[in-house]
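Working notes for the structure below.
Keep in mind that this is a model prediction, so the values were computed, not measured.
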Amino acid sequence: MAIEPLCEWCKALDIVEIATDVDHVRRPNGDAVLERDMRNLQSLCKPHHSTKTRWEDAGGKGTLTIGYGVDGWPVTWSPETGLQ
């Protein structure tokens with residue numbers, strides 16, 4: 001969070017929110033390399049981290065709609081594509 005102190009998902013929604021959690025984009029599941037890979041980390045606020053964790057626990061398939069941009073279009077996220 002020293003590198004990115006704001007929630008990356010909130011920023012995509014034009015919201016300024018301090019990040020509270022460092023999240024693994026892909027769950028490492030015991031992979032020590034993936035656990036420490038900086039490219040596999042993202043800063044999230046508590047609500048967004050909880051949303052992502054619930055999505056993963058439910059199977060984490062496809063994309064997750066995190067909200068809607070100021071243009072009215074959905075903002076989505078997936079481990080493969082990141083924020084869209």
Item checked: side-chain contact (heavy atoms from CB on, under 4.5 Å) assessment of Thr76 paired with Ile66 -> CA-CA 6 Å; Thr76 60; Ile66 63 165; over 6 Å; no
Notebook entry, point to check: Are the side chain of Asp71 and the backbone N or O of Trp73 linked by a donor-acceptor pair below 3.5 Å?
Noted result: yes
Say you draw a straight line from [atom1] of [X] to [atom2] of [Y]; how long is it, rounded to the nearest 0.5 Å?
X	Y	atom1	atom2	value
Asp31	Arg36	CG	CZ	10.0 Å
Thr51	Trp9	OG1	CH2	7.0 Å
Asn29	Leu34	CG	CG	8.5 Å

Check: Should Val22 and Val25 be counted in the same cluster of Ile, Leu, Val, Met, Phe, Trp and Tyr side chains packed under 4.5 Å apart?
Finding: no
Check: Can you get from Leu44 to Met1 by hopping between Ile, Leu, Val, Met, Phe, Trp and Tyr side chains that sit under 4.5 Å apart?
Finding: no
Exercise: identify the closest heavy-atom pair between [X] and [Y]:
X	Y	answer
Cys7	Cys45	SG-N, 3.3 Å
Gly62	Ser78	O-CB, 3.6 Å
Ser43	Leu6	CB-O, 3.6 Å

Item checked: Test log, rule side-chain contact (heavy atoms from CB on, under 4.5 Å), inputs Gln42 and His49 -> CA-CA 10 Å; Gln42 61 183 345; His49 189 251; over 6 Å; no
Check: Does the pair Asp23 and Lys52 meet the rule for a side-chain contact (heavy atoms from CB on, under 4.5 Å), with working shown?
Finding: CA-CA 9 Å; Asp23 174 67; Lys52 180 178 176 272; 2.9 Å; yes
Check: Does the pair Thr65 and Val75 meet the rule for a side-chain contact (heavy atoms from CB on, under 4.5 Å), with working shown?
Finding: CA-CA 6 Å; Thr65 298; Val75 177; over 6 Å; no
Check: Side chains of Thr53 and Ser50: is there a donor and an acceptor less than 3.5 Å apart?
Finding: no
Checklist line | Test salt bridge (charged side-chain N to carboxylate O under 4.0 Å, His left out) applied to Arg39 - qualifying residues, sequence neighbours left out | finding: Asp37
Taking the side chain as C-beta and beyond, is there a heavy-atom pair between [X] and [Y] under 4.5 Å?
X	Y	value
Arg26	Glu80	yes
Asp21	His48	no
His24	Leu41	yes

Check: With under 30° as parallel and over 60° as perpendicular, where do the rings of Trp77 and Trp55 fit, or are they tilted in between?
Finding: perpendicular
Check: How far apart are the C-alpha atoms of Lys46 and Glu17, what are their side-chain angles, what is the distance that settles it, and do they pass the salt bridge (Lys or Arg N to Asp or Glu O under 4.0 Å) test?
Finding: CA-CA 10 Å; Lys46 182 66 72 185; Glu17 184 68 39; over 6 Å; no
